Amino acid sequence: NIEIVAFVTNVNNATDQVSSNDTAYTTIYGCVASSTYTIGQSSNADFSTIDEALTALQNCGINSAVRLEIESGSHFKDVVFSQSIPGASTTNTITFTSQSGNAADVVLTNTVIGNVNHLVFSKLTFEGVSNKYYNIQFVASCDDIEFSDCILYGDTNSANIDNKTIPAISALCHQKGKGQLTNFRMYRNYIYGGNYSLLFNGLVNKNDDITLEDNIIAGGSSSSVYVRNTDLKMKNNTISNRVSATNNEYRAIDSDTSNVDIINNTFNIETNNKTTIYAMQIYSNIDFLRNCNIADNTINFNVKTASST
């Protein structure tokens, strides 16, 4: 982008008595239309940061699908995706991915998403830090968001959170009362850690719409997939708990919603100290369970002292 500055001096051969209003600014952006662009610090990069790329997208809009490849070794902190992009649609998507195709080569820490649609995050690593309650946090309504082939780490120092007044720490969290997620998809990701590895809080009568397929979800302390007011579709996932966690209960799936589709998942649950263990706890606070399709799942327990399963 280029900033143009214009100003006046010596107006009518006299000293300007009000210098605060003698300058005008405008910015011209080299607009992103369609194609593939690079983010990074090399001389070949089109943008130096994700924020810079987002500014161009938000100011210029797009007319086709856009792919933004991030150079290896990049580490971006506190990135906020919070403004709609003109021209984006289910076909005109914006994809952020690692240039190398290796998720470990690009790291984003403490990512916030809200009021933006049609984004794809592919082959990236998302991390959190111990003084935050989230790794990826959704703070407002979003539609058509996808995570594929990514690595998501939660804070694994959250094992002792039994006091429900303490906010849970999650690899990915949709905050309670913060809009609605529709057409949200996660494919082939590795998700590890957090008190609740994945936490979705939909709105009453405006359920989140969540699809989880072919993911490895491991290391959750209290729950691996915790959902409220959420239509949940899960297929071909492998779910396991955090064995070293010292809290008393674990529920691999904890759902209060009557619309669930849980097919061909594998649950590997092992612990020595929990008194209550569920592979799936599914119930409804509003209505009888309806539209529940649960089939062909494998549940493997290796439990030595638990009193209920």
Side-chain angles (χ1 to χ4, degrees), residues 128 135 147 150-164 166 168-173 186-201 208 210-285 288-309:
N135 170 349
F147 288 81
C150 291
I151 300 170
L152 287 73
Y153 290 118
D155 177 11
T156 58
N157 294 320
S158 59
N160 295 313
I161 300 181
D162 284 324
N163 183 349
K164 302 307 180 186
I166 300 175
I169 300 174
S170 302
L172 184 148
C173 172
M186 301 188 78
Y187 301 127
R188 302 177 305 280
N189 301 283
Y190 176 74
I191 304 154
Y192 184 86
N195 193 40
Y196 305 110
S197 297
L198 298 175
L199 191 156
F200 298 99
N201 278 300
D208 282 0
I210 308 299
T211 297
L212 309 175
E213 189 168 325
D214 295 310
N215 301 284
I216 296 174
I217 308 171
S221 298
S222 291
S223 181
S224 294
V225 181
Y226 182 94
V227 297
R228 295 294 180 265
N229 301 312
T230 297
D231 295 340
L232 179 65
K233 303 178 187 69
M234 294 186 63
K235 184 178 181 181
N236 298 334
N237 301 282
T238 300
I239 301 170
S240 60
N241 62 319
R242 184 180 173 197
V243 177
S244 62
T246 59
N247 48 328
N248 295 324
E249 299 182 358
Y250 172 74
R251 295 164 174 82
I253 299 174
D254 189 339
S255 172
D256 74 341
T257 307
S258 61
N259 296 323
V260 296
D261 199 54
I262 303 174
I263 306 296
N264 200 37
N265 300 280
T266 299
F267 299 83
N268 297 319
I269 302 173
E270 180 179 354
T271 181
N272 294 327
N273 51 35
K274 296 188 186 300
T275 58
T276 304
I277 301 170
Y278 296 90
M280 290 175 266
Q281 178 173 274
I282 300 169
Y283 60 96
S284 175
N285 289 325
F288 294 107
L289 293 179
R290 299 171 298 152
N291 303 321
C292 284
N293 186 14
I294 301 173
D296 300 322
N297 298 284
T298 300
I299 302 173
N300 299 314
F301 280 110
N302 183 12
V303 180
K304 298 179 181 179
T305 61
S307 61
S308 63
T309 59

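Computed from a predicted structure; not experimentally measured.
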### Task
Indicate yes or no: does Arg228 engage Asp208 in a salt bridge with an N to O separation below 4.0 Å.
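Asp208 and Arg228: not salt-bridged.
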
- request: Give me the ring orientation class for Tyr153 and Tyr190: parallel if the planes are under 30° apart, tilted from 30 to 60°, perpendicular past 60°.
  value: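 If you compare the ring of Tyr153 with that of Tyr190, the planes turn out perpendicular.
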
To the nearest 0.5 Å, what is the distance between [atom1] ([X]) and [atom2] ([Y])?
X	Y	atom1	atom2	result
Asp214	Asn237	CG	CG	7.0 Å
Tyr192	Ser240	OH	OG	8.0 Å
Ser224	Ile269	OG	CD1	8.0 Å
Leu152	Met186	CG	CE	5.0 Å
Leu198	Asn189	CG	CG	9.0 Å
Asn264	Asn236	CG	CG	4.5 Å

Please, which pairs that meet salt bridge (charged side-chain N to carboxylate O under 4.0 Å, His left out) have at least one residue in residues 187-200, sequence neighbours excluded?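 Pairs touching residues 187-200 that pass the test: Asp149-Arg188.
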
Side-chain heavy-atom pair Asp254, Tyr283 within 4.5 angstrom cut-off:
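They are in contact (side-chain heavy atoms under 4.5 Å apart), so the answer is yes.
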
- Between the side chains of Asn293 and Asp261, does any donor sit under 3.5 Å from an acceptor?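 There is such a pair between these side chains.
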
Which atoms form the tightest heavy-atom contact between [X] and [Y], and what is the distance?
X	Y	value
Gly154	Asn135	N-ND2, 4.4 Å
Phe301	Ile277	CE2-CG2, 3.4 Å
Ser223	Ala252	OG-O, 3.7 Å

| field | For Lys235, all residues meeting salt bridge (charged side-chain N to carboxylate O under 4.0 Å, His left out), sequence neighbours excluded | value |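 Salt bridge (charged side-chain N to carboxylate O under 4.0 Å, His left out) list for Lys235, sorted by chain: empty.
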
Check whether any side-chain N or O of [X] sits under 3.5 Å from a backbone N or O of [Y] as a donor-acceptor pair, and report yes or no.
X	Y	answer
Asn265	Met234	yes
Thr276	Glu249	no
Asn201	Asn229	no

Applying side chain to side chain contact (heavy atoms under 4.5 Å, CB included), can you list everything that pairs with Thr298, at least two apart in sequence or on another chain?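 For Thr298 the side chain to side chain contact (heavy atoms under 4.5 Å, CB included) partners, ignoring immediate neighbours, are Thr266, Asn300.
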
